[in-house]
Amino acid sequence: MEMENEVVSRNFIEQEIDKDLEEGVYDHVVTRFPPEPNGYLHIGHAKSIILNYGLSQQYHGEFHMRFDDTNPTKEKVEFVDSIKKDIAWLGADWKDHLYFASDYFDQMYEAAVKLIKKGKAYCSDLSPEQMREYRGTLTEPGKEDPNKGRSVEENLQIFEDMKNGKYQDGEMVLRANIDMASPNINMRDPIIYRVAHMHHHRTGDKWCIYPMYDFAHPIEDAIEGITHSICTLEFEDHRPLYDWVVRELEYPQPPRQIEFAKLYLTGVVTGKRYIKKLVEDGIVDGWDDPRLVSISALRRRGFTPESIRKFVELCGVSKANSSVDYAMLEYCIREDLKVTRPRAMAVLHPLKLVIDNYPEDQTEELDVQNNLENEALGSRKVPFSKELWIEREDFMEEPPRKYFRLFPGNEVRLMNAYFVTCTGFEKDEDGNITEVHCTYDPETRGGNAPDGRKVKGTIHWVSAKDALKVTARLYENIALEDEEGNIYNKEDGSLNVNPNSLETIEDCYVEPSLKDAKAFDSFQFVRNGFFTVDYKDSKEGEPVFNRIVSLKSSYKLPKNN
Ligand code: ATP
Ligand code: MG
């Protein structure tokens with residue numbers, strides 16, 4: 001088979017697939033992503049989606065989107081749409097391969113009947129406590145279930161009765177007949193069907209028996225013709241059961257399970273339980289709060305699918321659990337936005353700068369390039385006038401050494417505009433600086449002096465009478481790490497919530513061109529970071545900007561990349 005993007009080192013999954021194709025085990029590749037619709041997808045799921053979809057593309061195969069909805073609970077429907085949206089946004093196109101595991105309930109029932117007929121499954125009325133007792137331990141083998149002696153006919157009858165509602169929840173189960181002495185506890189006659197009088201979001205009340213995950217999953221894969229069923233490491237010990245199911249059911253081309261290590265990010269919260277609590281306690285504003293790492297939160301924060309794909313690629317695929325630094329994700333979004341987004345001037349903590357020798361009623365339109373690293377982004381007009389907003393921190397009455405911005409007597413460059421020299425400032429009764437005064441040199445338009453003199457500082461600004469007043473939000477990690485890097489309290493397991501994870505600044509001033517910014521548009525605010533327009537809280541003409549990431553970090557990519 002021909003391969004796109006031939007690369008020097010192939011990960012272990014690719015190596016396994018290469019081998020399968022070479023040996024003729026399969027002549028094509030079909031992968032899937034099988035979420036349980038019981039919550040929102042997070043960055044860890046993104047890894048699995050991108051991995052599975054990527055393999056299907058690389059081997060010119062198929063990618064299936066399958067909702068693993070064999071476990072009926074009521075609150076599931078709402079998640080189906082959010083999951084589909086997130087996967088499509090990440091760029092994983094399942095085409096017409098959208099499946100629901102619950103569509104296979106008839107086939108699963110038939111599969112169970114087949115096992116009973118082969119003597120490979122039997123019904124059992126052991127209570128959960130007895131079940132546990134008979135199962136044995138890691139060091140002791142289990143005991144045979146006294147139900148095991150029944151004939152195939154009896155078992156078929158009881159199983160049919162289970163299906164027809166003759167048993168209450170917990171009164172009867174179907175067990176695989178494997179090996180109570182197996183060193184692998186998963187193989188000690190696992191339960192494969194249980195009675196549960198529950199309403200299912202797709203099959204309604206048709207069924208009162210439901211298959212267990214370890215039985216259902218291999219069947220789902222086999223029915224769809226999945227070749228490589230890629231899952232995370234916690235299923236490694238379940239693989240013998242997976243193989244047993246597809247072998248005993250005699251599928252002509254059984255799928256093969258391959259496990260990889262989950263993606264863990266340091267310092268972030270992915271557990272549903274913790275996110276739910278943050279939502280309920282009103283600490284975050286829903287599952288897509290920009291401080292979370294659900295896919296919808298990352299989207300709202302201003303991450304792009306490209307940056308997440310790049311991140312997953314940098315993480316690589318491994319058999320060993322490890323965590324990745326959140327800074328690596330920030331690195332990826334920074335690299336993406338740096339060249340793809342227009343820049344703009346925004347003043348987050350405003351201080352008035354008055355140019356005393358600038359004509360009172362004049363406004364100039366300065367031509368400013370949108371991105372010095374990407375000419376294709378064109379240029380824009382930026383108004384300039386006598387009164388400007390500058391950042392508070394860009395002026396100091398008594399500057400320390402190496403402070404090159406505005407202070408009395410010093411000359412700086414106003415970015416893209418003129419050189420100005422600070423001539424004075426005003427204070428209120430409390431000693432707060434309320435206004436800074438300067439004069440400009442008309443010869444320095446565009447930011448360079450014809451006589452070749454240099455300035456050491458360049459600051460940004462926004463014309464006061466033209467500025468658009470906006471709200472900006474700056475974020476920090478929602479969780480605080482202790483000395484050992486843990487974000488969970490050692491005693492009670494609760495999350496160490498960072499009380500300063502959100503800073504809202506109500507009166508920022510930005511260039512007027514940003515008035516038309518739409519939800520999810522993003523910009524580089526020079527010197528202040530990358531920002532995106534919040535889709536929830538912005539109004540027409542009144543954008544609210546979320547900071548995606550600051551401009552700089554001390555983060556260095558790990559060596560092996
Ligand atoms: P969670 O409990 O964190 O939501 P889950 O494993 O219960 O995760 P599922 O909907 O059952 O979520 O998982 C769908 C797929 O995503 C599975 O194949 C699972 O292995 C994979 N997956 C889940 N978490 C991660 C992760 N952190 N890294 C990589 N893959 C993951
Ligand atoms: Mg789950």
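Whatever order the structure lists them in is the order used to number ligands and atoms, beginning at 1. We use all heavy atoms of the structure for the numbers below, so side chains are in, but hydrogens, waters and symmetry mates are not.
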Could you give all pairs that pass the ring pair (Phe, Tyr, Trp, His ring centres under 6.0 Å) test and reach residues 263-294, with sequence neighbours left out?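 Residue pairs passing ring pair (Phe, Tyr, Trp, His ring centres under 6.0 Å), neighbours aside: Y40-W287, Y274-Y488.
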Evaluate [X] for polar contact with ligand 1, using N/O atom pairs at a separation under 3.5 Å.
{"X": "P35", "value": "no"}
{"X": "T232", "value": "yes"}
{"X": "E234", "value": "no"}
{"X": "H45", "value": "yes"}

What part of F33, side chain, backbone, both or neither, has a heavy atom within less than 4.0 angstrom of ligand 1?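 It is the side chain that touches ligand 1; the backbone stays farther off.
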Please check if the side chain of R188 supplies one atom and the backbone of T137 the other of a donor-acceptor pair under 3.5 Å.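 Yes; at least one donor-acceptor contact below 3.5 Å.
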Considering S229, G44, P37 one by one, which has a heavy atom nearer to atom 29 (C) of ligand 1 than any of the others?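 Among S229, G44, P37, the closest heavy atom to atom 29 (C) of ligand 1 belongs to G44.
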Which is closest to atom 28 (N) of ligand 1 in terms of heavy atoms, V312, L233, L263? L263
State yes or no: are the ring centers of F520 and Y535 separated by less than 6.0 Å? yes
Is E248 salt-bridged to K118, going by a charged N under 4.0 Å from an acidic O?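 Looking at K118 together with E248, the answer is yes, because their closest N to O distance falls below 4.0 Å.
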Any residue meeting ring pair (Phe, Tyr, Trp, His ring centres under 6.0 Å) with Y475, in chain and number order, not counting sequence neighbours: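 Per chain and number, Y475 pairs via ring pair (Phe, Tyr, Trp, His ring centres under 6.0 Å) with no residue.
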